[in-house]
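Side chains are part of it too, since the values below use all heavy atoms of this structure and drop only hydrogens, waters and symmetry mates. Convention: sequence-line order gives letters A, B, ...; per-chain numbering from 1.
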Amino acid sequence: MNAVAEVKDLRVEIGGRAIVDGVSFQVRPGKVTALVGTSGSGKTTTGLALLGEYPAGARVTGDVRVSNGLVGYVPQHPGAVLNPARRVGALLRDIARDQVRRLPRPQRRAAARTRVLHALSVAQLPEGELLLRRYPHQLSGGQQQRAVLAQALLLGASVVVADEPTTGQDALTKRRIVDQLAAVARQGIAVVLLSHDLDVVRALADEVLVMRGGRVVEAAPAEQLWLAPQHPWTAELLAAEGKMGDSPPARDGQAALQVEGLTARHRDGARSTKEAVHIPELTVRSGECLAVIGRSGSGKTTFARCLAGLHRDYAGDVLLDGVPLPRSLRARTREQLAAVQYVFQDARAAFDEHRPVLDQVARTAVRLRGAHPREALAEALHTLTGLGLTEELALRAPGQLSGGELQRTALARALLARPRVLVCDEITAGLDTVTRRALLDTLAGLLRDRPELALVLITHDLDAAAAAARIAVLDAGELVEQGPARHVLTSPRHPFTVSLVDTSVRLAAETRSRRW
Amino acid sequence: MNDVPDVSVNNSRFPGLRRRGFLAAAGGAAGLGALALAGCAGSGTAADPAKGDGKPKRGGRLRAAFAGGGASETLDPHLANLFADAARAKALFDKLADYGPDLSAQPRLASAWEPNAGMDRWKVTLRKAAFHDGKPVTAQDVLYSYRRIVDPAKAFRAKASLEPIDLKASRALDERTIEFVLKRPTAEFPNVLGAFGAYIVPEGLKDFDKKPIGSGPFRFVSFAPGESAVFKRNDAYWDGAPYLDELEFVVANEESARANALLGGQVEYAHELNPATARAYENKGQIQIVRLRNSAMQGFVMKTDRPPFDDKRVREAFFLLADRKELLDGALSGAGEIGNDLFGKGYEYYAGSLPQREQDLDRARKLLKEAGAEKLKVTLDTSPVAAGFTEAAAIFRDQAAKAGVRIEIRTGSKDSYWKDILDSGTLASYRSGAMPIESHISQRLLTGSTTNATHWRHKDFDALYQQAQSTKDKKDRAAVYERMQRRLHAEGGFLIWGFADWILGTAHSVRGVERKAPANSLDWARFDKVWLA
Amino acid sequence: MIGPRSWVARRLLLGVAQTAAVVLLVFSLTEALPGDAAVALAGDQPDPERIAAIREAMHLDRPAYERLADWASGLLHGDFGTSLASGRPVSSYIADGFGPTVLLAVLTMVLLVPAGVGLGVLAAGHEGRFVDRLVSSVTLGVYAVPEFAFGVLLVTVFALRLGWLPPTAVGYGTDLLDHPAALVLPVLVLLSRPVCSLARLVRAGMIDALASPYVAQARRYGISGFRIRYAHALPNAIAPCAQQLARTVDWLLCGVIVVEALYVIPGLGTVLINAVAERDVPVVQGLAVVFGLTAVVLNLGADLVVHRLAPRAGVAA
């Protein structure tokens, strides 16, 4: 089979440092090629090189060739490449318009429309017609991703580069994305998958290239890689995705946070309200970690935001040590603000890119506890080093820290308020397995060291949830099941939980079955 | 609930006010005052057009730019207050008399007047003249017009000027003769006939804005208040039909706009230009600059009824403090003549024999010392309401400082300045338009005067005035006026340092513009004797 | 958050309250000025009797609150009252002045938007290079020149020296459209500063938009440069411009007195200045109502446009 794209001895240098160093591979039509590695391994740069895009000021040597020159791109956050001020169909129509140029004028419009609708249906958006008239922010994450995929399909790309498509998704969604990309590959399009989610790579890839430090350390067909990894780094990667460790026994600490009859609402743009979350009763105890799991869009984030005071449109009560918390951040006292801290999923966006992280971490103590700046700095440094970050790293700006380091810094910032409740919203999403493992270990360590702290972990990743003491399952806003983690995971009662657990088991099993 | 008055019948209109341009144009003349000035009586001279201007030619349309009153303008001549109003009224209507270049009364609609021995009954004969609708001008029309002016329910400007007339007793002797009965002997009665705003309108005329019918040299064509007024020739005019076919008055409040319009050929006559503009374009060939000398008196008023100016030595000291040339050059850019603390330079009855005062700081200091006012501190009220006021105030302050007098300048509001200084303060900037000297005295220097800004109230002075008014012989009257002026020169409250030129601009094609015509006299803004070459 | 229709209704109601506050403020300030209409009319003949007679006839001897209450009750019936100076209805003053002002405003806006947006897009498209630097420095320079100075400069050069255009619109007040040459200079002066600020605003927004991921995506897929600039980048760049344009329209509709005085165009600015000097309170009040409502409506419009252009702008908690 002839390659549709070929990379030969690609070397990308910035400021003397080689981000990609001598990478060569071929991409074949209808096959999925996965580039695997931690952040900073150069896989993104390589993927973008296929598009013909390089970082600013880079020195590039080597050869990148794509057969028909059309390469599609599905970024990690698909919403970012959808124009917020235009309807979803805008770019699609423009692409189609260019393609029907040769037709006589009266036929152009209809022909373009047909093409667009076809691309949408291939991208598994059958109700595409309606979606075209919506704005990007009115689409769910999955719909956005499919819309972006439709763009690439419409273009007639022979290669589609998918950059971390499953980041931050629950198992069911991951399944769907996997199916989607597989369908694309079946169309004869080559898919280049950049990911550090080994489950997905295992389910999808035909060929895997492991990258580290800008070099390809191992390249092999998928089954071969899993059965017999040659390079030690590959072995380490594969090992890190194992079971996360036993969940600690549920402690009987006092109830730190109680939720009673919480009904959160969303006001849709058009006058109607939608119930987003309904939780009759939920308790988080001190020294315990509660994992809240569910699919994307099940209301986990809304619930977390209610706890933190970021979403005030709800009925019911959230009690902190028996005292109801004001619904809005603005109405909470300083002590209440300090007591419930929130760690966001996108750590990079949560920091000011210009100031050193140490200052930003220390600020919490100054503002929420009234500490003296010098003491706050000392405490911040202490906390950061306790989480595994060096002083030298602490003095850098956020842009110079990796994803995992930044997430730990965000944790430190929250901890500086000496909270009672720590709400972590998908903080392991987007991290490679090694870093994820380290972060979860850190969280476990926190609980051990601070018995009064209660942890609420919002996640879709069942492996991470397995490390928690208790699990609550949300489906379409309803609390369908809760209980000790081991019970919920091994013997789920509610059908949704069953399907969730099953899917992730199947995903693992399928890949396992591919090994022989 | 407001009743909307019927504009045509119950005209609750009141005289407009002096308009000033919004922008301070370059040249230091801030807040241009299109100040309309009242006048009383005077004789008119027929303008002599042939002054190297060539032979008059018929035809053409002349556009004249004036500063105006905005959307509240009217063509009612009795409501005239601004120069623009006066010019329009002069085109459409006539008075019984008007003022010549020396502000003496000239017969207009009145062909002759004759007093009785006691100077309190006057027989005025009308000439043959017709209104625009063909009806003749009769004594009834005259009486109607004057009665309208003095109507107590309204507040027409000329009412105060017509005060000497007892209109109830006055009557028409026949079609063209009126006997005016006066309340007291008034030798200068013809001045009353020529008072500002004392126009003759047909009996019963109400709608002035739509159909203003007068006896003037031009007929009405159209009027848009605040924008333009168009008139056309009245062929049946008693003083000879105008040369121009059409006359258009356009309103432009900014002096620079008027100058630009003239330079750009949009108008042929621009009224009231700045000295700076005049200097820039005089003799340069694009436009003609016309200076109307002795148009406006400039000075300071001192309140003679309160300290420090109740002491006449202080007043004389102040007269001696002023360097009049410096004031003229600084405040008016040299466009004018110096004054001698007497109103009406160059007018009829002016006491020109009195020596011109010079600055004499030593004598001023001596006088102040005598009066016990050595370290005198005075507040000078001024305002940018008229051109040159603030500059003159600053210059005078510096001049006074040389003699140890400290003047503090207080700038007041433009819109209420004249009322404010009438009764309050001690020293203020002052200005007046052209009027006969007798009018100046009766309006400002008698005990009962309505606008007595110097608070000059002396019974003996009043008596002198009565005496003059009762004197039939002109030469004897002149002697009385001279005595009065001598006294004012020595100890009056008016420090008159200069007389400003009124500056006009015309296109080269405009001929027949009378140069000896102080603003508001007969030949000022007189378009029936103007032609386009 | 409440739905859009009730939001608009709320804003309008609030706008009425704001206009009422403006009217009250204007009334108090005008009353606080020294002198009143009678004094202003008397001018340089401040005969006390005459002033008193005028005052009585104008009903100015009644206390301020009574006059205000009368006027307000008239307003509720749609009657703006009558001018103290001329007795003509205030609505005729406003109507007469409105025509020229609206004409100038429309002409200015019709030219402003394409010119400003075009310049901004041009500068952003050549960011950092000569064209951008030229546009930026010229717009900064012109913006720094005050309107009256610019106006005088234009008149001197184009009307007086070169004679290409008439220097003023004197005498054309009622039919400006018949003399389009007289409108060129005033419109240029009115354009001068807004076009500069709009261009700079558009340029800034365009630079951000052109550097965005969605534009990069469009470029990747071969969309033409023209479409990228105008169909993909520009819609994101012009949301802040909506509010700037609303302010500009508001400024234009209130009558720019500098331009009106210099070019003798009898618009609302002239009416207002004359009315204040004459202390013609009913006219000033009428204008205050008109200006206040205009500002409210325009700001509301701008917010609606912004909402449409940047529909995901929301408010946290």
Side-chain angles (χ1 to χ4, degrees), chain A residues 48 51-53 56 69-87 90-99 134-138 148 151-152 154-157 161 266-273 305-306 308-313 326-332, chain C residues 1-10 117 121 127-128 201-202 205-243 303-317:
Chain A
L48 287 177
L51 291 167
E53 294 176 18
L70 294 174
V71 182
Y73 182 61
V74 180
Q76 182 171 358
H77 300 290
V81 296
L82 292 172
N83 194 334
R86 304 272 332 259
R87 293 181 215 263
L91 184 55
L92 286 166
R93 260 196 297 275
D94 278 349
I95 297 173
R97 216 189 304 233
D98 279 345
Q99 292 173 342
R134 295 227 188 115
Y135 286 92
H137 70 279
Q138 291 169 319
V148 175
Q151 289 173 355
L154 179 61
L155 187 69
V161 177
H266 267 314
R267 282 184 202 269
D268 215 357
R271 271 173 276 146
S272 62
T273 68
R305 286 166 68 90
C306 289
L310 292 166
H311 183 100
R312 67 171 176 190
D313 199 2
R327 299 218 173 98
S328 166
L329 265 186
R330 298 188 202 156
R332 292 191 182 181
Chain C
M1 304 302 124
I2 308 177
R5 214 172 282 177
S6 62
W7 174 73
V8 169
R10 222 161 27 118
V117 170
V121 171
E127 187 195 349
L201 210 55
V202 169
M206 282 294 291
I207 287 179
D208 281 345
L210 287 173
S212 66
Y214 49 86
V215 165
Q217 184 83 332
R219 277 210 193 99
R220 259 175 222 138
Y221 291 169
I223 307 299
S224 77
F226 179 82
R227 272 207 84 78
I228 286 189
R229 283 198 299 275
Y230 284 96
H232 292 271
L234 188 59
N236 287 280
I238 58 177
C241 301
Q243 271 132 353
D303 284 347
L304 284 174
V305 168
V306 168
H307 183 77
R308 159 73 179 77
L309 286 176
R312 59 170 196 178
V315 178

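- Among pairs with a residue in residues 219-238 of chain C, those fulfilling salt bridge (Lys or Arg N to Asp or Glu O under 4.0 Å) read A:E53-C:R220, A:D94-C:R227, at least two apart in sequence or across chains.
- Interface residue A:A152: backbone and side-chain heavy atoms are both found under 4.5 Å from chain C.
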Please list every donor-acceptor pair under 3.5 Å in which a side-chain atom of residues 74-87 of chain A meets a protein atom from a residue at least two apart or in another chain.
from: A:N83; atom 1: OD1; to: A:A85; atom 2: N; distance (Å): 3.2
from: A:N83; atom 1: OD1; to: C:N236; atom 2: ND2; distance (Å): 2.5
from: A:N83; atom 1: ND2; to: C:H232; atom 2: O; distance (Å): 2.7
from: A:R86; atom 1: NH1; to: C:A231; atom 2: O; distance (Å): 2.5
from: A:R87; atom 1: NH1; to: A:R133; atom 2: O; distance (Å): 3.2

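- Interface residue A:R97: only side-chain heavy atoms are found under 4.5 Å from chain C.
- Both the backbone and the side chain of A:I95 come within less than 4.5 Å of a heavy atom in chain C.
- With values rounded to the nearest 0.5 angstrom, C:Y221 atom OH is found 9.5 Å from A:L154 atom CG.
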